[in-house]
Amino acid sequence: VAVLAVPGPPGLWRGWLAVEALDGEDLLARLRRGIDAGAADARRALGAVRRAHDAGLEHPDLNLGNLFIDREGAAHVLDLDGARLRTGAVGPGRRFRELLRLERSWLRNLGPVGPEGRTLDTWIHEVYVEGDRALARGLASRRTRGAIALAARGIRRRGGQG
């Protein structure tokens with residue numbers, strides 16, 4: 001909510017950060033109670049990620065623990081210390097990499113099944129694009145590379161960890 005930074009000794013700064021406390025829990029905790037039960041929360045969280053990307057926010061550490069659902073059910077993207085705000089929307093390549101990181105977090109913590117018994121990567125991309133055909137094409141062209149990137153880390157989309 002607020003940052004105050006003042007110069008200290010040469011080359012150093014002293015800073016204070018004021019934030020608003022949110023009451024709720026991260027998406028991982030909600031999904032651990034049941035993937036289908038947490039599907040609506042996951043949809044809202046992906047919507048928050050999409051709005052952040054549309055606004056130009058790059059989040060290099062996107063994972064289930066950095067998506068938060070408050071008591072009213074609103075989704076928030078947290079842990080912005082490494083994030084960057086760009087002019088214009090985040091491009092499809094960067095969006096894909098961040099969604100792949102989110103998928104990897106899901107696979108490692110919850111396994112390969114997505115909500116409603118759907119294939120996880122398909123479900124994530126369909127919810128994220130919300131019918132935007134151009135964005136869907138931009139992300140779909142990278143899906144094979146995503147499977148290869150996950151396999152390089154010893155993770156399979158079907159069957160869990162390698």
Side-chain angles (χ1 to χ4, degrees), residues 1-33 35 37-110 114-115 120-121 123-132 134-136 138-139 141-143 145-146 148-150 152-155 161:
V1 176
V3 174
L4 174 63
V6 295
L12 299 175
W13 287 78
R14 178 174 289 152
W16 296 266
L17 176 65
V19 296
E20 179 181 355
L22 296 173
D23 191 12
E25 61 189 337
D26 64 50
L27 183 58
L28 178 58
R30 292 211 174 203
L31 289 170
R32 280 192 169 144
R33 288 199 300 271
I35 290 174
D41 293 326
R43 284 181 180 277
R44 283 191 294 276
L46 280 169
V49 171
R50 168 74 190 271
R51 288 186 301 279
H53 284 161
D54 289 348
L57 182 73
E58 294 179 355
H59 194 301
D61 188 23
L62 197 57
N63 63 66
L64 295 176
N66 288 338
L67 299 175
F68 189 85
I69 309 297
D70 68 22
R71 282 196 331 183
E72 288 77 39
H76 306 269
V77 179
L78 304 180
D79 195 11
L80 302 177
D81 61 317
R84 291 186 173 160
L85 187 59
R86 304 287 187 192
T87 302
V90 173
R94 181 68 188 208
R95 287 177 192 242
F96 183 82
R97 286 189 299 278
E98 292 184 12
L99 289 174
L100 187 63
R101 186 172 176 84
L102 183 61
E103 181 184 352
R104 187 173 76 225
S105 172
W106 187 303
L107 289 166
R108 287 190 172 174
N109 289 287
L110 303 168
L120 180 59
D121 62 321
W123 186 85
I124 287 174
H125 288 263
E126 286 177 3
V127 170
Y128 178 84
V129 300
E130 294 183 56
D132 183 332
L135 181 56
L139 294 176
S141 68
R142 294 166 168 82
R143 286 177 77 171
R145 283 182 272 168
I148 293 168
L150 288 173
R153 293 180 176 268
I155 302 171
Q161 294 185 16

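The side-chain heavy atoms of Ile69 and Arg30, taken from C-beta on, include a pair separated by under 4.5 Å. The side-chain heavy atoms of Asp26 and Leu64, taken from C-beta on, include no pair separated by under 4.5 Å. A 4.5 Å side-chain heavy-atom check between Val77 and Leu67 finds at least one atom pair inside the cut-off. At least one side-chain heavy atom of Leu78 sits under 4.5 Å from a side-chain heavy atom of Leu22. The shortest side-chain heavy-atom distance between Leu99 and Leu46 falls under the 4.5 Å cut-off. Using a 4.5 Å heavy-atom threshold, the side chains of Arg14 and Pro9 count as separate.
Although no hydrogens or angles enter the test, the distance criterion places no donor-acceptor pair under 3.5 Å between the side chain of Arg43 and the main chain of Val127. Panel note: side chain Asn66, backbone Asp61; a donor-acceptor pair is recorded below 3.5 Å. For the pair Arg51 (side chain) and Gly47 (backbone), a donor-acceptor distance under 3.5 Å is present. A donor-acceptor contact shorter than 3.5 Å is absent between the side chain of Asp70 and the backbone of Phe68. In this structure, Arg50 contributes its side chain and Tyr128 its backbone to a donor-acceptor pair below 3.5 Å.
With values rounded to the nearest 0.5 angstrom, Arg44 atom CZ is found 10.5 Å from His76 atom NE2. Once rounded to the nearest 0.5 Å, the distance linking CH2 of Trp106 with CG of Asn63 reads 13.0 Å.
Within 6.0 Å of the CZ atom in Arg33, the count of heavy atoms belonging to other residues, nucleotides or ligands exceeds 12.
Closest approach of Ala42 and Trp123 over heavy atoms only: CB-CH2, 3.5 Å. When all heavy atoms of Leu135 and Asp132 are compared, the pair lying nearest together is N-OD1, 3.0 Å.
Checking Leu110, Leu107, Ile35 one by one against Leu120, the side chain to side chain contact (heavy atoms under 4.5 Å, CB included) holds for a single residue, Leu107.
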Subject >> Check against side-chain contact (heavy atoms from CB on, under 4.5 Å), Arg101 and Arg97 >> reply: CA-CA 6 Å; Arg101 186 172 176 84; Arg97 286 189 299 278; over 6 Å; no

Original post:
What's the verdict on salt bridge (charged side-chain N to carboxylate O under 4.0 Å, His left out) for Asp54 and Arg95, showing C-alpha distance, side-chain angles and the deciding distance?
Top reply: CA-CA 10 Å; Asp54 289 348; Arg95 287 177 192 242; 2.8 Å; yes

Original post:
side-chain contact (heavy atoms from CB on, under 4.5 Å) between Leu80 and Leu57: does it pass, once the steps are laid out?
Top reply: CA-CA 9 Å; Leu80 302 177; Leu57 182 73; 3.9 Å; yes

Original post:
Taking it one step at a time, do Asp41 and Leu27 satisfy side-chain contact (heavy atoms from CB on, under 4.5 Å)?
Top reply: CA-CA 7 Å; Asp41 293 326; Leu27 183 58; 3.8 Å; yes

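The side-chain hydrogen bond (donor to acceptor under 3.5 Å, both in side chains) check on His59 picks up nothing, with sequence neighbours excluded.
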